[in-house]
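Below, chain A is the first sequence line, B the second, and so on; all start at residue 1.
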Amino acid sequence: MKRYNPSEIEPKWQQIWEDQKVNVVVANPEKQKIYVSGMFPYPSGAGMHTGHAFSYSIVDAIARFHRQHGRNVLNPMGWDTFGLPAENYAIKTGTAPAVVTAQNIENFKKQFKRMGVSIDWSRELNTSDPEYYRWTQWIFTKLFERGLAYQKESMQWWCPVDKTVLANEQVEGGHCWRCGSEVEKKSMKQWFFRITNYAEQLLVEIPDLDWPQKIKTAQTNWIGKSQGAEIEFKINESEDIITVFSTRPDTLFGATFVVLAPEHPLSKQLATKDMLDAVDEYITKAVKKSEIERMNDTREKTGVFTGSYAINPASGQKVPIWIADYVLSGYGTGAIMAVPAHDERDFAFAEKYNLPIIEVIEKPTDDTEAGMYHGEGPLINSDRFDGTSSSDAREEIVAWLEEQGTGHSQITYKMRDWLISRQRYWGAPIPIIHCDEHGAVAVPEDQLPVVLPVIEDYAPKGDGLSALAAASDWVNTTCPTCGRPAKRETDTLDGYACSSWYLLRYADPKNAEQAWDPKAVNYWNPVDYYVGGDHAVAHLLYVRFWTHVFNEMGLTDFKEPVKKLIYHGYINAEDGTKMSKSKGNVIDPLDIINQGYGADSLRTYVLFMGPIELDAAWSSKSIAGVYRFLNRVWVLAQEYIESDKSFMGNDTAVTRIQHKTIRRVTEDFNRLSFNTAISALMEYTNELYKLKVDGFSTEVWGEALNVLMQLIAPFAPHLSEELNRELGSEILVQDIPWPIWDDSLIIDETITIIVQVNGKLRAKLEVAKDLGEAEIKALALAEENVQAFVGNKKPAKVIYVPSRLVNIVV
RNA sequence: GCGCGGGUGAUGGAAUCGGUAGACAUGAGAGACUUAAAAUCUCUUGGCCGCAAGGUCGUGCGGGUUCAAGUCCCGCCCCGCGCACCA
């Protein structure tokens, strides 16, 4: 008998698939399309890791499943190539990033092909290819035209090691997401995308997305919408006002002081003569104190009194104005009304500085805790609003303020604009030319792409400019508007810009006339299944943002780029900890394949480990078990092929388990429950092993095995293809329609009825499938073990669940 | 602190609609084959009592609803992830 040898059959079929271009697809409006993609990888020098193997096993299983259903399946691949590792390598070695990138891509591609993934390589794209980033730049100019890209001087996160600015999303707990070093704040002129204009529409679409709840929640929190009010406090003995933002205008009568952020424009000017020094000192210290400290602080409140007072517009009371760094300048108006009786932070501050505390909401009597109460209740000490419930008062007080012209309701979002400037070489140049007369001018479409020049030294000089600034030939150019000498922008685009539209480019990857043909994109997109385990907010929010803009521009007829998001877990090392080189516990998927397990075992194993959304620990024992399973499938087929197919056994049993399995695998697939689909295939195989001892009958067993090859193909395509051929099929598995089941063939002649007494299992009944209720109940009661519990008591009730169970209540 | 997940055998997990808890796999044990081992095949495998039939307990803890609860409700505990002085 031929032995199962993955290292022989897998490369063979990979070659055949490639030669026959079986995965190359063209748009065809007559055919139902399915677009499935993983989040494209950054091709690092280290090559493919288990995370890639996991992601693309999911992608490929889905792709093959739908192809077997006759659908037009787009499964593309590309490379997210801009980024710091290639640049840092270039700085160290002088090798151009493009050269290293090309090598890494080649390596990745080879590895992916060895996985047997069914990718349409004719659509391969690479974000650092000028033919690609030309259109990234074009999109930038379109956003610029629409006022959605703008430049602003601002304090920004700055990574002192990578010498670059970082977006909020790239700062993780005060550290750089790439190199882990502590970040600082630095004031620079930076480019932004005005994503905040889209806060509301990005938010309203979230509930309708077929995405995991945790991602939707993360995005909702990130956008951070709050309904509240802006309220004006007149500054005492002055015409000036301070506008504060509050989500609790109902507590206005309890506002006993006002707090400004240290960065607030009024902070300094409100300091009275005798407080000036103290205020100055506090502001300087607070601004210098890194935000990290402010975040990691023990939350000990600090602040300084300005010496000035404001008038509470509701109570008319004179309240002191303080400056404190617990108020953030970037949110709301950078100023708050402090209500210490009903806000924890204000309470702590008031306690520390002995500021007055006035309760304006009645605490429930069962709340015996001393101090601050932030719940709801009737108002007190609130003049005409006394007795009004706090929730009603929120609206009524704002309405009253509006009448007086001292306030209005206001919605605020936590989300900030997207910072896109990077002071690095290895990114798409921002297509802007700075002209003394015309300011920032977009590079016209016919002059795109602005190609990255090849330079000598890739290292940034630490002056806040990219290494491009030193390429004077490139920097010095002429203004597209007036033709006079002008300078190119030397910042490059955040890599997230490049990855915000690649899912559209896949639909029309070779288009040299436009970023994409809307016809192609409207056929293939949005993506039906998008698979990944990273970027809960950043990428997945930016992609949505750009697609909303494209929709507005008429470039797509949909707003949301991704229908179903599959967010899978991590594969950890065997000891349950994260894989890491330093711990030496890294599993290399290529090693697993080359050890002899093969790609099929690897792919089947990662999907069998557990539900895809869960983290899992690698188990070398378990993958051996999966290999054993595939081997059993192999042996079963070989034995049939070599047998004389005489038969003495139970054809009905074979057919029944076959149809049952088709149904289980299909239904499990539809809910993306791969681990149970694979276990159903294992049971099927185990069952056939038991049935084969009676011998093989040609027709029934041939079909049973063909079905097995069909069902196993999304997981173990090579094994499936090889055995399919050996079983006599002339065509490829993906061209054979997915088997369908017949419910009537699944039903057994007999069914098992569970018999309970008072809800406890006492007997099982094997009865004919069409036996009536009365007969079943009678049989149940007659059971010896049932009698032992019922005795001569009369059953109070007998519950019958058709074909399932009888419960006798005594 | 807030939000979102989750807690089931020795282990990964299954139980899709409230109806046999523990599928499948790993590990462990026994047997067959073998000079032997590996591989392969077969069987057993939640705890406790029992020769067995069977009983009894059992899905983080405490209550509840129901003929029936891993599943629904209330209150707690623990773990993971995300956000975190956002007024």
Side-chain angles (χ1 to χ4, degrees), chain A residues 172-173 212-222 224-226 228 244-249 251 255 259 294-297 299-301 324-328 330-339 342-346 348-349 374 412-415 536-537 569 576 605 608-611 613-626 628-629 631-632 635 664 667-668 670-671 673 675-686 689-690 693 752-764 784-785 788-789 795-801 804-810:
Chain A
E172 293 167 352
Q213 191 51 49
K214 68 170 180 174
I215 307 296
K216 300 210 282 187
T217 307
Q219 295 213 350
T220 305
N221 292 343
W222 187 265
K225 179 179 182 172
S226 310
V244 303
F245 174 73
S246 175
T247 53
R248 294 296 301 270
T251 63
V259 189
R294 273 165 84 165
M295 288 192 296
N296 295 346
D297 255 350
R299 306 276 157 98
E300 175 69 33
K301 299 274 179 294
D325 67 4
Y326 82 90
V327 175
L328 307 175
Y331 181 75
T333 60
I336 62 153
M337 61 179 214
V339 185
H342 305 290
D343 181 277
E344 208 178 339
R345 298 147 302 182
D346 298 343
F349 196 79
H374 66 256
T412 302
Y413 302 90
K414 278 192 222 172
M415 185 169 64
V537 176
Y605 169 61
F608 181 64
M609 293 174 94
E613 65 275 11
L614 259 48
D615 291 353
W618 184 269
S619 159
S620 45
K621 299 278 191 195
S622 271
I623 192 174
V626 168
R628 236 177 338 254
F629 159 62
N631 201 48
R632 278 163 67 82
V635 168
R664 282 177 68 185
E667 289 179 350
D668 285 352
N670 283 325
R671 59 188 180 103
S673 179
N675 58 331
T676 53
I678 293 165
S679 82
L681 291 168
M682 288 172 168
E683 282 181 66
Y684 183 39
T685 306
N686 291 346
Y689 261 74
K690 282 181 191 144
V693 294
T752 306
I753 301 284
I754 300 308
V755 183
Q756 299 179 333
V757 178
N758 291 334
K760 289 201 166 149
L761 174 69
R762 294 302 176 194
K764 291 178 189 179
E784 198 182 333
N785 202 39
F789 286 90
K797 211 190 225 181
V798 178
I799 283 134
Y800 174 67
V801 181
R804 294 198 97 135
L805 118 172
V806 175
N807 188 11
I808 298 156
V809 185
V810 292

What are the two closest heavy atoms between [X] and [Y], and how far apart are they?
| X | Y | result |
| --- | --- | --- |
| A:Val798 | A:Val806 | CG1-CG1, 3.7 Å |
| A:Ala677 | A:Asp668 | N-OD2, 3.2 Å |
| A:Pro249 | A:Met337 | CA-CE, 4.4 Å |
| A:His342 | A:His374 | O-CB, 3.5 Å |
| A:Pro795 | A:Ile808 | CB-CG2, 3.8 Å |
| A:Asn785 | A:Arg762 | ND2-O, 2.8 Å |

NA contact type, [X], heavy-atom cut-off 4.0 Å: base, sugar-phosphate, or nothing?
| X | result |
| --- | --- |
| A:Lys214 | sugar-phosphate |
| A:Ser619 | nothing |
| A:Gly625 | sugar-phosphate |
| A:Tyr605 | nothing |

Can you tell me how far [atom1] in [N] sits from the matching atom in [M], rounded to whole Å?
| N | M | atom1 | answer |
| --- | --- | --- | --- |
| B:A52 | B:U42 | C1' | 24 Å |
| B:C72 | B:A84 | C1' | 33 Å |
| B:C43 | B:U35 | P | 25 Å |
| B:A15 | B:C4 | C1' | 24 Å |
| B:C73 | B:C83 | C1' | 29 Å |
| B:A14 | B:G7 | C1' | 16 Å |
| B:G60 | B:U11 | P | 14 Å |
| B:A68 | B:C57 | P | 15 Å |

### Task
Check side-chain hydrogen bond (donor to acceptor under 3.5 Å, both in side chains) between A:Thr247 and all other residues, then give those that pass, not counting sequence neighbours.
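Partners of A:Thr247 by the side-chain hydrogen bond (donor to acceptor under 3.5 Å, both in side chains) criterion come out as none, since no residue qualifies.
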Please give, in whole Å, the distance from [N] [atom2] to [X] [atom1]?
| X | N | atom1 | atom2 | value |
| --- | --- | --- | --- | --- |
| A:Asn758 | B:C67 | CG | P | 11 Å |
| A:Gln213 | B:C83 | CD | C1' | 15 Å |
| A:Lys414 | B:G82 | NZ | C1' | 11 Å |
| A:Met337 | B:A87 | CE | P | 12 Å |
| A:Phe245 | B:A87 | CZ | C1' | 8 Å |
| A:Ile623 | B:G27 | CD1 | P | 13 Å |
| A:Met682 | B:U26 | CE | C1' | 10 Å |
| A:Tyr413 | B:A87 | OH | P | 13 Å |

Could you go through nucleotides 37-43 of chain B and list every protein N or O atom that sits under 3.5 Å from one of its N or O atoms, giving the distance for each pair?
| residue | atom | partner | partner atom | Å |
| --- | --- | --- | --- | --- |
| B:C41 | OP1 | A:Arg632 | NH1 | 2.8 |

### Message
Do A:Tyr689 and A:Val635 have side chains that approach each other closer than 4.5 Å (heavy atoms only, starting at C-beta)?
### Response
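Yes, at least one pair of side-chain atoms sits under 4.5 Å.
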### Side chain to side chain, A:Phe789 and A:Val810, heavy atoms closer than 4.5 Å
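Counting from C-beta outward, A:Phe789 and A:Val810 never come under 4.5 Å.
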### Query
Is the distance from OP1 or OP2 of B:A87 to the nearest side-chain N or O of A:Tyr331 less than 4.0 Å?
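Answer is yes, contact under 4.0 Å.
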#### Entry: Short side-chain N/O contact from A:Lys760 to OP1 or OP2 of B:C57, under 4.0 Å
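Indeed, a polar side-chain atom of A:Lys760 lies that close.
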Nearest to the side chain of [X], heavy atoms from C-beta on, is which of [options]?
| X | options | result |
| --- | --- | --- |
| A:Lys797 | B:G3, B:C67, B:U56 | B:C67 |
| A:Phe789 | B:U56, B:C85, B:U26 | B:U56 |
| A:Glu683 | B:C4, B:A87, B:A23 | B:A23 |
| A:Thr217 | B:A25, B:C4, B:A87 | B:C4 |

### Task
Find which nucleotide of RNA chain B each of A:Gly334 and A:Asn221 is nearest to by heavy atoms, and output the residue with the more 5' nucleotide.
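First, find each residue's nearest nucleotide; the 5'-ward one identifies A:Asn221.
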### Task
Return the 5'-most residue of the pair A:Ser622, A:Ala335 with respect to RNA chain B, ranking by each residue's nearest nucleotide.
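Its nucleotide being nearer the 5' end, the pick is A:Ser622.
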### Query
Considering only heavy atoms and no angle criterion, is a donor-acceptor pair shorter than 3.5 Å present between the side chain of A:Lys216 and the base of B:C4?
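Looking at the base of B:C4, it does not pair with any donor or acceptor on the side chain of A:Lys216 (distance under 3.5 Å).
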### Message
Would B:C77 be called syn or anti here, given the cut-off of 90° from 0?
### Response
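Anti, angle beyond 90° from zero.
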### Message
Quick check on B:G13: syn or anti? Syn means the glycosidic torsion is within 90 degrees of zero.
### Response
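For B:G13, whose glycosidic angle is more than 90° from 0, the conformation is anti.
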### Query
Once you round to the nearest 0.5 Å, how far does CD1 of A:Ile336 lie from CG of A:Asp346?
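Interatomic distance, A:Ile336 CD1 to A:Asp346 CG, rounded to 0.5 Å: 4.5 Å.
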### Query
In terms of heavy-atom contacts, does CD of A:Gln213 have more than 12 from other residues, nucleotides or ligands at under 6.0 Å?
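Yes, the 6.0 Å shell around CD holds more than 12 heavy atoms from other groups.
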#### Entry: Residue A:Glu667 excluded, over 12 heavy atoms near CD under 6.0 Å
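Yes, enclosed.
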Tell which nucleotide pairs with [N], taking only Watson-Crick or G-U wobble pairs whose two distances are both under 3.5 angstrom.
| N | answer |
| --- | --- |
| B:C43 | B:G29 |
| B:C2 | B:G82 |
| B:U59 | none |
| B:C24 | B:G12 |
| B:U35 | none |
| B:C67 | B:G19 |

### Task
Could you label the plane-to-plane angle of the A:Tyr331 and A:Phe245 rings as parallel, tilted or perpendicular, counting under 30° as parallel and over 60° as perpendicular?
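Aromatic pair A:Tyr331/A:Phe245 classed perpendicular.
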### Task
Spell out protein contact along nucleotides 9-20 of chain B as letters: B when the base is contacted, S when just the sugar-phosphate is, - when no protein heavy atom is under 4.0 Å; keep the 5' to 3' order.
---BSSSB--BB
